[in-house]
Amino acid sequence: MKKIVNDPESVVQDMLDGLISAHPDSLQLLPETTVVVRKDAPITNKVSIVSGGGSGHEPAHAGYIGDGMLDAAVCGEMFTSPTPDQVFESIKAVDGGAGVFLVIKNYTGDVMNFEMAAELAEAEGIQVEKVIVNDDVAVEDSSFTTGRRGIAGTIFVHKIAGAKAAAGGSIEEVKSVAEKVVANVRSMGMALTPCTVPAAGKPSFTLEENEMEIGTGIHGEPGIERKPIASASAIAEELTDKILEDIKFNSGDDVAVMINGMGATPEMELYILNKKVNQMLTDRGLTIHKTFVGDYMTSLEMAGCSITLLKLDDELKTLLDAESSAPAFRI
Amino acid sequence: MKKIVNDPESVVQDMLDGLISAHPDSLQLLPETTVVVRKDAPITNKVSIVSGGGSGHEPAHAGYIGDGMLDAAVCGEMFTSPTPDQVFESIKAVDGGAGVFLVIKNYTGDVMNFEMAAELAEAEGIQVEKVIVNDDVAVEDSSFTTGRRGIAGTIFVHKIAGAKAAAGGSIEEVKSVAEKVVANVRSMGMALTPCTVPAAGKPSFTLEENEMEIGTGIHGEPGIERKPIASASAIAEELTDKILEDIKFNSGDDVAVMINGMGATPEMELYILNKKVNQMLTDRGLTIHKTFVGDYMTSLEMAGCSITLLKLDDELKTLLDAESSAPAFRI
Amino acid sequence: MELHVQDVITWMNKTNERLQSNKEYLTSLDQAVGDGDHGINMARGFNEVVQKIDGADYETVSDALKDVAMTLMSKVGGAAGPLYGTAFLKLSTSLKGKDSVDQESFKSGLEEALAGMKQRGKSDEGEKTLVDVWSPVIETFTNSFNPEDLVQTAQTAMEKTKDMKATKGRASYLGDRSIGHLDPGSVSSFYLFESLAETVKGGE
Amino acid sequence: MELHVQDVITWMNKTNERLQSNKEYLTSLDQAVGDGDHGINMARGFNEVVQKIDGADYETVSDALKDVAMTLMSKVGGAAGPLYGTAFLKLSTSLKGKDSVDQESFKSGLEEALAGMKQRGKSDEGEKTLVDVWSPVIETFTNSFNPEDLVQTAQTAMEKTKDMKATKGRASYLGDRSIGHLDPGSVSSFYLFESLAETVKGGE
Ligand SMILES: Nc1ncnc2c1ncn2[C@@H]1O[C@H](COP(=O)(O)OP(=O)(O)O)[C@@H](O)[C@H]1O
Ligand SMILES: Nc1ncnc2c1ncn2[C@@H]1O[C@H](COP(=O)(O)OP(=O)(O)O)[C@@H](O)[C@H]1O
Ligand SMILES: [Mg+2]
Ligand SMILES: [Mg+2]
Ligand SMILES: [Mg+2]
Ligand SMILES: [Mg+2]
């Protein structure tokens with residue numbers, strides 16, 4: 001394990017201390033928690049947006065705190081959903097009277113912990129609504145399973161729900177536009193190498209020197225297929241095709257694209273992927289409204305990528321383009 | 001070699017195509033070159049800022065093109081300084097009549113190629129000035145050597161020279177403030193793993209599983225010492241101390257900090273480093289004006305980091321804080 | 001069988017010991033079908049439980065179990081945290097007011113715990129989760145209760161999860177490929193019941 | 001010795017062949033003391049040179065060498081590009097107008113080439129660069145010139161760089177640790193002169 005850490009048991013706390021000291025004017029850590037909250041919270045009469053999950057996906061989620069995006073990020077232990085009391089603290093800290101909206105990635109632990117926190121908050125008279133993001137088409141979506149996972153598409157939910165709230169939207173309006181994003185966003189990822197949780201000390205899986213895995217989750221959950229490393233174009237094609245099988249795009253549709261790095265993939269490779277994705281979408285007659293290339297939802301030092309497509313209507317376009325001061329998603 | 005590429009020989013061209021298709025409204029590629037230029041160039045009567053160097057350091061340098069920062073980035077082959085004709089093309093494309101300012105990192109190849117381009121431009125009557133960035137304290141600075149290398153501190157030169165030019169500064173004023181940055185900026189890096197140039201197919205060096213190297217360059221140039229991996233705090237201390245030996249800070253001085261990832265280092269580790277750096281500087285009575293944590297000057301998929309400190313006066317503070325629309329350095 | 005406050009403390013201590021020494025084993029089970037944190041999370045949580053209740057003064061078994069519940073809820077996280085937290089909270093509520101606990105009241109407490117977990121996890125028997133250990137284990141708390149039976153039942157149930165296909169939790173992403181792996185949560189639940197059996201036996 | 005346009009083309013072809021087959025070797029030399037691109041850059045550059053001049057029609061040796069210079073300048077990059085580019089440009093300028101070239105005029109051309117490289121690289125003999133090959137090689141172009149001498153001198157000079165300490169170029173960052181490694185640029189220069197010797201020999 002080659003890592004720049006101190007005590008593997010305290011990586012989350014150390015990271016958060018370093019984060020706050022890098023952004024002392026905009027971020028604060030709630031005392032005795034791992035909850036990062038915008039410094040000027042609560043904002044009276046604005047719906048507040050809270051997200052979070054296990055740590056190890058940086059800049060998700062604390063990097064998305066800012067005007068027009070999140071009000072708080074609840075940071076769990078490494079790859080471990082945060083506990084209800086922490087989520088509850090975040091809700092109390094950001095509630096400005098207009099209610100708190102939770103963006104939850106579809107993992108059993110996240111859903112349970114956030115729901116328990118919502119129950120605690122409602123018991124104290126705070127209005128809470130939520131959306132569950134499930135954009136990962138690598139996983140089958142059926143009523144007999146836990147359904148698709150939430151991965152990089154979550155960033156678009158943060159952005160658009162955040163913009164709606166910043167524009168004065170009610171909690172119902174925020175919920176409704178967030179659900180629209182979830183209905184229209186799909187992602188799929190792949191890995192070239194695994195990653196190592198510091199306290200575990202060894203990689204979550206192994207891949208041969210010439211192997212890649214298609215469909216790997218952002219916590220190193222096994223994917224759907226292992227095979228020899230293909231070219232960037234073939235990878236772009238496989239991931240994009242799988243997304244396009246799942247959600248119908250028509251010629252003329254507007255789309256936002258995210259080419260996300262899993263942590264150790266050079267930006268160069270992400271742009272090489274984007275070349276192909278861009279060609280594929282353009283060939284289908286789609287209008288690419290905006291493209292985001294970078295590390296948005298990572299898996300520690302995993303090498304690999306995910307591709308996300310979001311189908312846009314006029315409302316989503318306006319909200320996606322709205323200003324955001326979040327360090328990891330400045331618009 | 002685990003990489004998401006097509007033909008290893010065409011990675012730079014493929015990357016640039018993907019970059020332009022991600023930023024079609026703000027960037028353009030000069031025909032038949034690897035020169036990226038802002039779409040609205042040339043800007044009449046503004047001094048234009050050009051930087052560049054070998055590829056493999058993304059987001060350097062094309063990610064720093066934008067209002068208030070660079071006008072063009074000349075992208076060489078992998079880790080290979082671009083040729084004079086390419087630099088010359090960039091100069092011609094951005095010159096708006098107020099002259100062109102070149103930001104050159106101190107490598108023999110970069111200096112020679114950019115100087116030859118400057119000669120070509122001057123022969124055509126374009127006013128060209130330059131600064132040579134040499135912030136890397138891992139290398140001895142003496143008149144018998146090629147001197148210190150230019151690494152992540154270069155981004156501060158881009159930012160501040162770019163802000164001066166955007167504010168209407170003359171080419172002499174831009175040069176003078178750029179020289180002030182160079183005089184006040186110092187960096188030092190380290191590596192946990194090497195990186196592999198796609199066309200070379202094998203890593204530039206090897207490190208044992210428990211080894212790190214202090215002082216490694218951004219092209220995998222050997223550093224000054226190999227030893228067992230130390231804690232994040234010890235690494236932060238070693239790099240920061242080396243910088244502080246080289247440039248004198250007094251209690252009360254203002255400083256900008258950059259904790260730069262080499263490509264494969266999770267943001268989590270960079271923030272853990274920042275915690276310690278922040279403590280050290282605060283303990284010395286320094287005022288941390290701004291902290292930048294992220295991948296700014298990378299070395300493909302190398303794992304490791306560099307730390308940069310820039311001593312600020314009022315002029316530098318104002319220029320550092322000025323707006324920038326560059327995707328990799330939005331302010 | 002009769003359970004007193006001190007037994008709860010012993011039970012938790014024994015569970016914690018098993019979790020600490022099997023932390024890496026649980027983590028590697030979770031690496032195979034999940035995200036590799038189950039050992040780390042359970043070890044952290046039960047370490048906190050022991051810190052909290054060992055040496056503390058409780059009036060009733062229910063009070064002690066409530067602290068166990070709240071600690072697990074706030075220190076484990078992931079899927080296991082709310083599930084174990086809910087289980088102990090329901091168990092505590094069900095035993096409220098009782099100074100000591102016999103197998104009958106313990107059994108109905110476990111039934112409420114199981115119902116709570118199922119509701120929280122939207123899960124049922126046969127989905128390759130800790131439910132598949134809790135459910136048969138409860139049936140051993142009859143008048144003829146004996147600790148060996150409890151261990152045997154828990155162990156068999158835990159081992160049976162190996163051949164199941166996961167339809168809940170992170171392992172469900174694997175579909176058929178989850179078959180052949182033990183469910184990490186069932187293994188940690190086995191440690192819990194094995195420790196309970198040992199506690200009860202020692203106390204007899 | 002007499003050099004015609006066709007000899008220049010043959011020379012470049014032979015150099016290119018050596019560079020292509022030693023691309024990985026040069027790269028590994030540069031990985032040891034630099035950034036590992038010298039083989040890749042030289043192979044790319046001379047491949048372009050051959051594309052450009054092979055089969056082309058030139059009036060004079062100088063014209064052919066000018067195209068070599070411009071191609072190297074715009075296709076090699078790094079430190080080697082401007083250095084080799086400058087060398088061939090100076091050589092071309094010095095031989096301007098001559099239909100064929102004897103050892104005397106070639107020698108003064110090489111002297112100007114070397115001076116140009118030294119000026120461009122702010123470097124001198126003894127700094128562990130290609131200058132350390134060019135400088136002694138030039139001395140072999142006397143009236144008693146013979147190709148074996150040229151190869152021998154170039155090879156010895158190239159091998160001598162191994163024991164030198166680099167004070168210019170990327171290898172200088174290594175200081176004393178540069179000792180014990182061949183200078184990549186000197187090895188590529190050796191290939192260049194070895195190819196020239198072969199060309200001249202074949203043409204005699
Ligand atoms: N929906 C569910 N119902 C019941 N038990 C579940 C459910 N989901 C997961 N589990 C149990 O939780 C265990 C995983 O716990 P843990 O690794 O701590 O959580 P996570 O999957 O969030 O990392 C599984 O082995 C399984 O026994
Ligand atoms: N200042 C200099 N003067 C003369 N030759 C130099 C100088 N700097 C470097 N060289 C030569 O260039 C070679 C390296 O070329 P190359 O690897 O292509 O460039 P880079 O170092 O930019 O990657 C060295 O081996 C050396 O022979
Ligand atoms: Mg987990
Ligand atoms: Mg180079
Ligand atoms: Mg787990
Ligand atoms: Mg080189």
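Computed over heavy atoms, backbone and side chain alike; hydrogens, waters and symmetry mates excluded. In the text below, chain A, chain B and the rest are named by the order of the sequence lines, each starting its count at 1.
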Cut-off 4.5 Å, heavy atoms of chain C, and the answer for Q86(A) is neither
Tell me the ring pair (Phe, Tyr, Trp, His ring centres under 6.0 Å) pairs involving residues 105-129 of chain C, sequence neighbours left out?
F106(C)-F141(C)
By number, which residues in residues 188-198 of chain A have some heavy atom less than 4.5 Å away from chain C?
V197(A)
Does K202(A) offer a backbone N or O that forms a donor-acceptor pair with the side chain of Q31(C) under 3.5 Å?
yes
On a heavy-atom basis, which atom in N113(A) and which in G78(C) lie closest, and how many Å separate them?
ND2-O, 2.8 Å
So which bits of residues 79-90 of chain C come within less than 4.5 Å of chain A, counting non-hydrogen atoms only?
A79(C), P82(C), L83(C), T86(C)
Shortest non-hydrogen separation from K23(C) to E9(A) and the atoms involved
NZ-OE2, 3.6 Å
Heavy atoms of H219(A) and D35(C) approach each other most closely as CB-CB, 3.6 Å
Residues in residues 100-111 of chain A that sit under 4.5 Å from chain C, counting heavy atoms only:
N106(A), Y107(A), T108(A), G109(A)
What part of K75(C) lies closer than 4.5 angstrom to a heavy atom of chain A: side chain, backbone, both or neither?
backbone
Looking only at non-hydrogen atoms, find the nearest pair between L174(C) and P222(A) and report the distance.
CD2-CB, 3.3 Å
Let me know if F205(A) has heavy atoms under 4.5 Å from chain C in its side chain, its backbone, both or neither.
neither
Which pair of heavy atoms, one from G77(C) and one from T80(A), lies closest together, and at what distance?
C-CG2, 3.7 Å
